[in-house]
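The block underneath contains the structure these notes are about, expressed in structure tokens.
Order of listing sets the numbers, starting from 1, for every ligand and every atom in it. Just so we're clear, the structure is a prediction, and the values are computed from it rather than from any experiment.
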Amino acid sequence: MVSQAQQEPAAALPHSSSSSRTAKRAAKSMDASPAPPLLLRAPTPSIDLPSAKPAAVFDLRREPKIPAPFVWPRDDARPTSAAELDVPLVDVGVLRNRNGDAAGLRRAVAQVAAACASHGFFQVCGHGVGAGLARAALDGANDFFRLPLAEKQRARRVPGTVSGYTSAHADRFASKLPWKETLSFGFHDGAASPVVVDYFAGTLGPDFEPMGRVYQRYCEEMKALSLTIMELLELSLGVERGYYRDFFEDSRSIMRCNYYPPCPEPERTLGTGPHCDPTALTILLQDDVGGLEVLVDGDWRPVRPVPGAMVINIGDTFMALSNGRCKSCLHRAVVNRRQERRSLAFFLCPREDRVVRPPATGAVAAAPRRYPDFTWADLMRFTQYHYRADTRTLDAFTSWLSHGPAHDAAAATPCSTT
Ligand SMILES: C=C1C[C@]23C[C@H]1CC[C@H]2[C@]1(C)CCC[C@@](C)(C(=O)O)[C@H]1[C@@H]3C(=O)O
Ligand SMILES: O=C(O)CCC(=O)C(=O)O
Ligand SMILES: [Fe+2]
């Protein structure tokens with residue numbers, strides 16, 4: 001088992017960017033017209049696997065074979081279907097602009113209703129997130145993950161939380177390690193000072209304040225888009241207007257940057273294993289490489305990146321809020337031999353103590369309750385201390401809840417599930 005204590009490897013991988021150059025680039029790429037990226041010497045992206053053995057730095061770009069902990073069961077890693085998933089592209093501008101386009105609104109509502117009743121995925125355009133900001137957020141991921149490991153480790157994940165830097169979740173799991181590095185941080189608005197700026201400057205130093213400003217603005221845009229999508233979901237489910245929007249007004253969400261290096265044996269591992277998102281709604285900005293797949297009728301169907309669009313998927317918490325009408329579905333991320341891939345996942349989460357309960361009126365209330373009342377704090381704790389989110393998280397959680405308070409005794413330390 002990899003020790004919690006993250007060993008600083010003997011030598012970081014050959015990276016070139018210095019944090020100040022990185023920070024200046026982050027600021028520049030957001031505001032000015034898109035300047036050509038700094039010609040940093042392309043580092044050898046890899047996954048540095050901190051381990052109990054001090055010098056055990058896996059430079060996976062040079063490994064002819066992937067280390068055993070990264071090998072996934074055949075069923076999880078089974079081949080991708082050739083048939084891409086036909087994910088509807090929904091123009092949410094009709095709602096944002098409130099331009100009276102009744103036909104456009106009816107179309108958007110129908111698309112969302114059909115998608116959420118089947119595989120739970122749709123893509124949105126007309127979202128209002130500027131191309132420059134989206135590019136700056138993706139560039140920021142490159143700039144961060146290309147830093148030397150020692151600098152990334154300054155943001156290493158705090159056990160029991162999602163916030164921070166992880167390399168393959170090697171600090172949590174002993175097997176089925178995902179071929180990715182991640183950086184996650186919390187977002188909520190209404191704080192005395194910008195929480196994301198404070199996170200970057202406080203964790204990585206003042207040089208990273210410009211990067212923090214990029215993600216602060218990005219998260220603010222994601223929050224606004226989330227609330228617009230909540231209105232669409234109210235309309236598609238026939239729920240009283242404002243029920244879901246109000247429920248998430250004081251949301252406390254998670255922003256996650258995923259970085260997937262090229263892999264010498266992509267067919268034996270996964271960038272992110274099969275799972276349903278435990279959160280309420282995910283807004284995914286992916287680069288043009290591709291790798292997101294959804295399980296539909298037993299096949300892993302690729303979701304092709306649409307330039308300028310964002311991928312939306314329903315999570316377990318919203319499946320419960322819709323009493324099962326909207327489906328939180330299995331998805332995964334595959335990797336490839338040639339190209340690194342980046343994706344930015346904004347996970348909308350309720351305020352921790354809000355009781356997750358579907359509306360008592362309307363079509364959603366007509367069917368018997370599918371899930372018990374719960375709080376996001378409980379479900380979050382379950383995924384961090386008791387259960388690795390996978391194909392049946394909500395069912396396992398419901399069963400765990402029924403064991404009563406005794407089950408929490410095991411929560412003394414974050415579990416390291418296999
Ligand atoms: C609440 C969360 C747990 C995870 C991050 C957010 C929402 C998605 C979850 C996750 C991505 C699902 C797949 C497994 C996981 C361990 C991962 O690969 O990162 C999950 C995240 C986590 O537990 O950190
Ligand atoms: O990177 C992707 O395409 C998907 C990642 C994902 O599903 C997640 O982080 O929950
Ligand atoms: Fe996911």
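By the 6.0 Å contact criterion, CG on Asp353 is enclosed, its count of non-hydrogen atoms from other residues, nucleotides or ligands being greater than 12.
Between Phe374 and Phe397, the ring centre distance stays below 6.0 Å.
The residues lining ligand 2, counting any heavy atom closer than 4.0 Å, are Asn258, Tyr260, His275, Asp277, Leu284, Leu292, His331, Ala333, Arg341, Ser343, Phe347.
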Check against side-chain contact (heavy atoms from CB on, under 4.5 Å), Arg256 and Leu344: CA-CA 6 Å; Arg256 165 163 285 185; Leu344 309 180; over 6 Å; no
Val214/Met211 under side-chain contact (heavy atoms from CB on, under 4.5 Å): CA gap, chis, key distance, verdict: CA-CA 5 Å; Val214 169; Met211 188 181 281; 5.5 Å; no
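Scanning the protein heavy atoms around atom 14 (C) of ligand 1, the nearest turns out to be Ala389 O, 3.7 Å. In this structure, atom 9 (C) of ligand 1 lies nearest to the protein heavy atom Pro278 CD, 4.0 Å. With respect to atom 18 (O) of ligand 1, the closest heavy atom belonging to the protein is Lys180 NZ, 3.0 Å.
For the Fe ion (ligand 3), the nearby protein N/O/S atoms, meaning those under 2.8 Å, are His275 NE2, Asp277 OD1, His331 NE2.
Not a single heavy atom of Tyr387 sits less than 4.0 Å from an atom of ligand 1. The closest approach between a heavy atom of Pro178 and any atom of ligand 1 is not below 4.0 Å.
With hydrogens and angles left out, the side-chain atoms of Thr166 and Thr182 include a donor and acceptor closer than 3.5 Å. With 3.5 Å as the limit, one finds no donor-acceptor pair spanning the side chains of Thr203 and Tyr165. No donor-acceptor contact under 3.5 angstrom links the side chains of His169 and Asp171, judged on distance only. Using modelled atom types and a 3.5 Å distance limit, the side chains of Ser343 and Asn258 yield a donor-acceptor pair.
Polar contact check, His275 against ligand 1: no nitrogen or oxygen pair lies under 3.5 Å apart.
Comparing Phe347, Phe173, Phe382 against atom 7 (C) of ligand 1, the shortest heavy-atom distance belongs to Phe347. Evaluated by nearest non-hydrogen atom to atom 3 (C) of ligand 1, the leading choice among Arg332, Gln384, Arg157, His169 is Gln384.
Taking every non-hydrogen atom of Trp376 and a distance limit under 4.0 Å, the qualifying atoms of ligand 1 come out as 1 (C). Taking every non-hydrogen atom of Arg256 and a distance limit under 4.0 Å, the qualifying atoms of ligand 1 come out as 5 (C), 11 (C), 17 (C), 19 (O), 21 (C), 24 (O). Which parts of ligand 1 touch Arg172 is read off a 4.0 Å heavy-atom cut-off, strictly below it: atoms 22 (C), 23 (O), 24 (O). Close approach of ligand 1 to Met380 is summarised as follows: ligand atoms under 4.0 Å from at least one heavy atom of the residue are 1 (C).
Across all their heavy atoms, Leu321 and Val364 have their closest contact at O-CG1, 4.3 Å.
In this structure, the separation between CG on Asp86 and NE2 on His119 is 7.5 Å, given to the nearest 0.5 Å.
Using a cut-off of 4.0 Å between Lys/Arg side-chain N and Asp/Glu carboxylate O, Arg332 and Asp76 are scored as not salt-bridged. The pair Lys152-Glu181 counts as a salt bridge, with a side-chain nitrogen and a carboxylate oxygen less than 4.0 angstrom apart. Using a cutoff of 4.0 Å between basic side-chain nitrogens and carboxylate oxygens, Arg154 and Glu151 are scored as salt-bridged.
Here Arg357 pairs with Asp373 under the salt bridge (charged side-chain N to carboxylate O under 4.0 Å, His left out) rule; sequence neighbours left out. Shown here are the salt bridge (charged side-chain N to carboxylate O under 4.0 Å, His left out) partners of Arg370, two or more places apart in sequence or in another chain: there are none.
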